[in-house]
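Okay, so here's the structure we're looking at.
When reading the values below, keep in mind they use all heavy atoms of this one structure, side chains included, and skip hydrogens, waters and symmetry mates. Lettering of chains follows the sequences in order, A, B, ..., and the numbering in each one begins at 1.
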Amino acid sequence: MRMLINVPETVVPDALRGMAAAHPELTVDVDRRIVVRRDAPVAGKVALVSGGGSGHEPLHGGFVGPGMLDAACPGEVFTSPVPDQMVAAAAAVDSGEGVLFVVKNYTGDVLNFDMAAELAEDEGVRLAKVLVQDDVAVTDSTHTAGRRGTGATLFVEKIAGALAAEGAPLERVADTARRVAESSRSFGVALSACSTPSKGGPMFELPPGELELGVGIHGEPGRERRAMMTSGEIAQAAVDAVLEELPSDQPVLALVNGMGATPLLELYGFCGEVHRVLAERRVPVARTLVGNYVTSLDMAGASVTLCPADEELLRLWDAPVRTPGLRWGV
Amino acid sequence: MRMLINVPETVVPDALRGMAAAHPELTVDVDRRIVVRRDAPVAGKVALVSGGGSGHEPLHGGFVGPGMLDAACPGEVFTSPVPDQMVAAAAAVDSGEGVLFVVKNYTGDVLNFDMAAELAEDEGVRLAKVLVQDDVAVTDSTHTAGRRGTGATLFVEKIAGALAAEGAPLERVADTARRVAESSRSFGVALSACSTPSKGGPMFELPPGELELGVGIHGEPGRERRAMMTSGEIAQAAVDAVLEELPSDQPVLALVNGMGATPLLELYGFCGEVHRVLAERRVPVARTLVGNYVTSLDMAGASVTLCPADEELLRLWDAPVRTPGLRWGV
Amino acid sequence: MSGKVTNGAGEGTGGSAEGWDAAFFARWMRAAADAVDREADRLTELDSAIGDADHGGNMRRGFEAVRSELDEGVPATPGSVLMTAGRKLVSTVGGASGPLYGTLLRRTGKTLGDAEVVTGEELAGALSAGIDAVAQLGGAAAGDKTMLDALRPAADALADSGGKDLRAARTAAEKGAEETTGLQARKGRASYLGERSIGHQDPGAASAALLMAALAEAGGEAEGSA
Amino acid sequence: MSGKVTNGAGEGTGGSAEGWDAAFFARWMRAAADAVDREADRLTELDSAIGDADHGGNMRRGFEAVRSELDEGVPATPGSVLMTAGRKLVSTVGGASGPLYGTLLRRTGKTLGDAEVVTGEELAGALSAGIDAVAQLGGAAAGDKTMLDALRPAADALADSGGKDLRAARTAAEKGAEETTGLQARKGRASYLGERSIGHQDPGAASAALLMAALAEAGGEAEGSA
Ligand SMILES: Nc1ncnc2c1ncn2[C@@H]1O[C@H](COP(=O)(O)OP(=O)(O)O)[C@@H](O)[C@H]1O
Ligand SMILES: Nc1ncnc2c1ncn2[C@@H]1O[C@H](COP(=O)(O)OP(=O)(O)O)[C@@H](O)[C@H]1O
Ligand SMILES: [Mg+2]
Ligand SMILES: [Mg+2]
Ligand SMILES: [Mg+2]
Ligand SMILES: [Mg+2]
């Protein structure tokens, strides 16, 4: 085991203690496992709550702060959080203007957030929900329960967070969040498997010299296993897969996302190739974000997410954000 | 090879093209291999130039921008840049107020920056230099050419960059940079070896279940090879090694730095342990930065850097910074 | 300790029961906690082949919490034991299995109402209602390679025996779980594998078999056949 | 192509030279580029044992640049060939070896002055001056397990032969390089290894031996013994 951990069982609370130590601007409740903006609830503002299995950091806890999420609920590694966390988070951040749940489309997340929504609504919270399902890799499968939610989560959280910060009402925040979620598309590639603490080793076998095209953020299989490709070839495969399902030809926001263990040096090189392919396909890129944002523990690889953006989305994207993981304009 | 690259020979220019695509706020000269603030030279401001081998991203190119570096010179992977780059960078950023070279203490970097300094001075640039040598791991060695420069580079670049942004003259910027460089201490631990593109595989053998205490940022060996330790034990070893040589008992700035392939989840857990040990040793922590900032390609592991900070250093640390890799307060 | 009330002191024979009390249900849950703890690594191993390698940890965490809750005090009725356990699973497991198993136990418990003693037939009917709720919540059908493929045959076998033969339920669950190996996943994370999911047992079906084995164990402890 | 001017057309015998012209020095640099290209993987392998696995790439990049520069046109004098090559190495190599080899060639070239033909004795003296400059720049002494441990014996052997025996220089460099295996590094990255550096040949000493072999090759091409 090459893990910087104490024991697999305490990985999540250990990380939350570290977050608490590093980020006095956040309220980190280690016992209830929620990360909350220190100044929540913010009067007059719709609140955003997200969450999901741990292992994808900075998603979601690292996106809590002004201009983005009001609270995040980290589950165990690769395991959806429980409804109690979401209910506690909603209670902590609701100013009376209502709460938007941002949910990645995985059975566990959907079920747990649904239960939480019911409970929170019983307690009088006005709730809306947006489901992120941007991963084009497995739409080919006839038996998939919809597309998986991956990189677009960041776009949804940032853009809806900015709109909420402007004071927009719940319905509009939810509508815009859905617009982003429904128009964004992603495609990921793994160059190595990730290892979960509980497994203590790689989640799947990926011999050196092979890659998994269309991998999921928990190491779920994608479209095909291939012999190693160059960065340029991978960029082309990923961009073309995304463009094929992108429902608009507006200029795009581009996320060139590292899976965790791919050096930033390589990721920037990949970003250059992604831009080259997009230019060849005549897709204008309005903004680019490069880095490790929606990770899969120590998986090597990268994903590309594109979100067609009109003037309003660009304005909201550029709006100030101040979180541990994403920060500009403030 | 599990690398997201085209061919080993073009890794650095490929990455620079990606930086150019992602960061319109920077001028990235791929041919001359320099990354420069778009608005350089900034009138009336001392300019900061740094550089070193690639593979440590976001260091240094990711730290170019208002409040930090004016230019960076990326060398080949783990290879010092050449004097031509530094001379070109100095020429591009010098407003007439002079240039500070921030140099990590490795023979190659020292020699190349020295040559560049001579050349730039011949061209009339007023130059100062600060040598970063914070890594306590190998001071035990009787034959070392001084301590290695690692995480403190970030503190030096941020703090000196803030002072330069305030309009301080070259001598004061250089003095403060040296004060930070001379009082900071680091210690790093590797849980796996890194792989360079040219080697195509791990730089050294580190069997799973062993770790290297005191590793350098190019995978250089440290103090000892040990059987795997818990995050808490590693934190204690690292913090105690640093504290033993820390020349002050002021409150500290703490950098809990990932080597590249260690998941952020684990890094936050490690951060919690570092804070616990510092609390036990009664060292107050004024600020904490957690993340992958001074990396070693795909090495798993982490390092701890502490910098004793008085009120002035804290003010400069908190001052606005706007770079791809570090950003706050603006 | 009580259990099957006709035979007293939890020494049920598993056969012609007149009914089961809260203590019996608590014993079931404890036996499930033991089984899940013992088999956690196997469940995770199965989940790592076709899922995300967390099912063992999920089930262990959930049932340990159930055990602790019962250690604080056993609720008065069979229904409330299962509803408490179900709520605890929902609150501690997460993932897909938390809401699904939580719903299973909560709905089964709710269907049992507030009787202090329930018959085998009542249990069989309630279990079936619980399984319907799981199917509705998760949208899965028989043959989709989920926990349902172990749960449904078990409930059917129990019903077929007039609610008497707990071991038949266990056997049916184990058979159903084993048979998921040949199925292709259509729900949950394993569905992303498509045809590649064939050849691996479904982890949720495996844990469902453990749950049914625990039921048989709770009912048949005296026989030493569990 | 010219070379050793007494014998004409670059067909030197390596023996009793009256002198070497710019073409000979260009041939030396090209032979070095060939050797470094051929042996780059070995140099990197050596550097990966005790350094950072970049020496092969560094040397190849540098000498390819030197070769391209010479392809554009060979400077008129031996001194300017070496100074041009040295400047090119400084501009393209980076790392420790860039400034060190750059300094070696620049200082050697500078010491040769602007003569159009230089004798073996002059070359031996200039090489020695170049090596002194390397020692001064890097602060390393003999036995520190660096390129100096191959360069110095080579220059001494050349001087001992009155500047005539290029193959003696090569042999001495190769012996010196081999002997670095037993030494402990005290300079450069390998010094962090301390005692662990013992048992591995120094990559810079290995490349210095290639440089000296290239010199012998340039001088002795006609003999077919290189
Ligand atoms: N839609 C569904 N309906 C019924 N059972 C399901 C469904 N989705 C998943 N499951 C069951 O849950 C099991 C996985 O549980 P677990 O690994 O704990 O959660 P997760 O899939 O969120 O990681 C699967 O093996 C399957 O039996
Ligand atoms: N201070 C020094 N003096 C002389 N030679 C040195 C010194 N430091 C390093 N070297 C030589 O440089 C070689 C390493 O070159 P290279 O790998 O290209 O650069 P780097 O060490 O910067 O990666 C060493 O093997 C050694 O021979
Ligand atoms: Mg899971
Ligand atoms: Mg190097
Ligand atoms: Mg699972
Ligand atoms: Mg080297």
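- Using a 4.5 Å cut-off between heavy atoms, A:M203 touches chain C through backbone and side chain atoms alike.
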Determine, stepwise, if the pair A:M115 / C:V90 fulfils side chain to side chain contact (heavy atoms under 4.5 Å, CB included).
-> CA-CA 9 Å; A:M115 287 195 163; C:V90 169; 3.7 Å; yes
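- Listed here is the closest heavy atom pair of A:T79 and C:G94: CG2-C, 3.9 Å.
- Neither the backbone nor the side chain of C:S97 comes within contact range of chain A; no heavy atom of the residue lies under 4.5 Å from a heavy atom of that chain.
- Two residues are said to be in side-chain contact when any heavy atoms from C-beta on lie closer than 4.5 Å; C:D52 and A:E220 fail this criterion.
- By number of non-hydrogen pairs under 4.5 angstrom with chain A, the leading residue of C:D144, C:D41, C:T103, C:L137 is C:L137.
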Report the C-alpha distance between C:R61 and A:V82 in whole Å, list the side-chain angles of each, state the deciding distance to 0.1 Å, and finish with yes or no for side chain to side chain contact (heavy atoms under 4.5 Å, CB included).
-> CA-CA 12 Å; C:R61 187 171 60 251; A:V82 299; over 6 Å; no
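- Counted within 6.0 Å of CD on C:E121, heavy atoms from surrounding residues, nucleotides or ligands total 12 or fewer; the atom is thus considered open.
- Counting all heavy atoms, side chain and backbone alike, C:A53 lies closest to A:S198 at O-OG, 3.2 Å.
- Side-chain atoms of C:T44 never come within 3.5 Å of backbone atoms of A:K199 as a donor-acceptor pair (strictly under, hydrogens ignored).
- At most 12 non-hydrogen atoms from other residues, nucleotides or ligands lie less than 6.0 angstrom from CD of C:E116.
- C:D160 CG: more than 12 foreign heavy atoms inside a 6.0 Å radius.
- Heavy atoms closer than 4.5 Å to chain C are found nowhere in A:V110, neither backbone nor side chain.
- Counting heavy-atom neighbours within 6.0 Å of C:R107 CZ, excluding the residue itself, gives a total of 12 or less.
- Using a 4.5 Å cut-off between heavy atoms, A:F204 does not touch chain C at all.
- The number of heavy-atom neighbours closer than 6.0 Å to CD of A:E118, taken from other residues, nucleotides and ligands shown, is 12 or below.
- Between the A:N112 side chain and the C:G95 main chain, a donor and an acceptor come within less than 3.5 Å of each other.
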